[in-house]
Structures are given as structure tokens and as C-alpha cells.
Amino acid sequence: QQQQKEQNITTKPTDPKFPRWIGYSCAIFNGFWGGSIYAPMKVASEQGVKTQGADFLISFGIGVGIVQVAILIIYGLIRSIFLSKPFFPDFHFKTLWWAGSCAGIFWSIGNFFSL
């Protein structure tokens, strides 16, 4: 059964056949995204807007939702066009719901208190 699981995985990130530019592109995008996350708050304060950190959480949440959908679509296109795999990856909800929920909750709490 273990051999069957290993045969189902065709490419791994450490496999030479895995396109490294995908990882590099994602890392660069993440650097720009993470570095500019508080830019709207800084621009607003420079223009005299009297709001503070928590006031930006609603617009931040909407932006995160929009960007996540865009990233999922781009990722699906890359998987289907360049890697000849199904558009959507296996999400493994039954396995990851608890860990994913905890990670999201803790990230949200940390983000709120970082403001």
C-alpha cells in the first residue's frame, strides 16, 4: 500500500522535474504581498485619516478573500497547463480541518494584536 501511495505522487518539490520557477515566483509574490500589507494604513494616516489599525480589518479581510480566489485560479491554471494535473488539488478537508482552523484563528488573533 505504501508503494501505491508513492507511485501516485508523480512530482515532489525536491524532484528535478518540478518547475522551480513556480516556487521562486510564489516566494517573490509573497515577499511583495507581505511587505505591502500595511501600506493602505500608512497612506491613509499620511493623508490625515484618523482611523487606526482595527478599522482596516474589514477591508483587509475582503482583499484577502479576493486575492485567495485569484491565487487558487492561477495555481489551478499552472497545474492544468504546465503540469498536466487536475485543475484543483486534493484539499484533504477531513484530515486538515482542525489544523487549518487553528492556524487561521491564531493568525487572525496575531494579526489583530499586531495592529
Side-chain angles (χ1 to χ4, degrees):
Q1 187 177 13
Q2 182 66 22
Q3 289 176 342
Q4 184 181 9
K5 286 182 182 179
E6 289 176 4
Q7 289 175 353
N8 290 339
I9 300 172
T10 56
T11 58
K12 299 178 184 178
T14 56
D15 190 352
K17 291 186 281 185
F18 190 81
R20 296 178 81 87
W21 67 268
I22 294 174
Y24 293 138
S25 300
C26 290
I28 290 169
F29 176 79
N30 191 32
F32 282 116
W33 179 255
S36 64
I37 202 164
Y38 293 115
M41 199 164 39
K42 182 163 177 60
V43 171
S45 67
E46 288 175 354
Q47 293 181 356
V49 177
K50 300 287 184 203
T51 57
Q52 297 211 343
D55 298 331
F56 288 92
L57 285 180
I58 299 296
S59 62
F60 176 74
I62 293 168
V64 166
I66 292 169
V67 169
Q68 283 300 108
V69 170
I71 289 173
L72 184 62
I73 291 170
I74 292 168
Y75 180 71
L77 290 172
I78 290 171
R79 279 178 57 95
S80 62
I81 294 170
F82 296 108
L83 302 177
S84 300
K85 292 186 176 185
F87 188 82
F88 289 112
D90 294 331
F91 288 110
H92 304 286
F93 287 116
K94 290 181 181 179
T95 306
L96 297 175
W97 75 269
W98 176 250
S101 297
C102 288
I105 290 168
F106 290 139
W107 181 83
S108 295
I109 291 169
N111 187 39
F112 177 79
F113 286 110
S114 72
L115 299 174

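Interatomic distance, Y75 OH to L83 CG, rounded to the nearest 0.5 Å: 7.5 Å. Atom CD1 of residue I74 and atom OG of residue S25 lie 10.5 Å apart, to the nearest 0.5 angstrom.
In terms of the side chain to side chain contact (heavy atoms under 4.5 Å, CB included) criterion, residue partners of I62 (sequence neighbours excluded) are, by chain and number, I58, I66. Not a single ring pair (Phe, Tyr, Trp, His ring centres under 6.0 Å) links F106 to another residue, sequence neighbours left out.
In this structure, I22 and F82 have side chains that are not in contact, with every pair of non-hydrogen atoms separated by 4.5 Å or more.
With a 6.0 Å radius and a threshold of 12 heavy atoms from other residues, nucleotides or ligands, W98 has its CH2 atom at or below the threshold.
Nearest heavy-atom pair across I73 and F87 is O-CZ, 3.7 Å.
In the hydrophobic clustering of ILVMFWY residues, with side-chain heavy atoms under 4.5 Å counting as a link, I71 and F32 come out apart.
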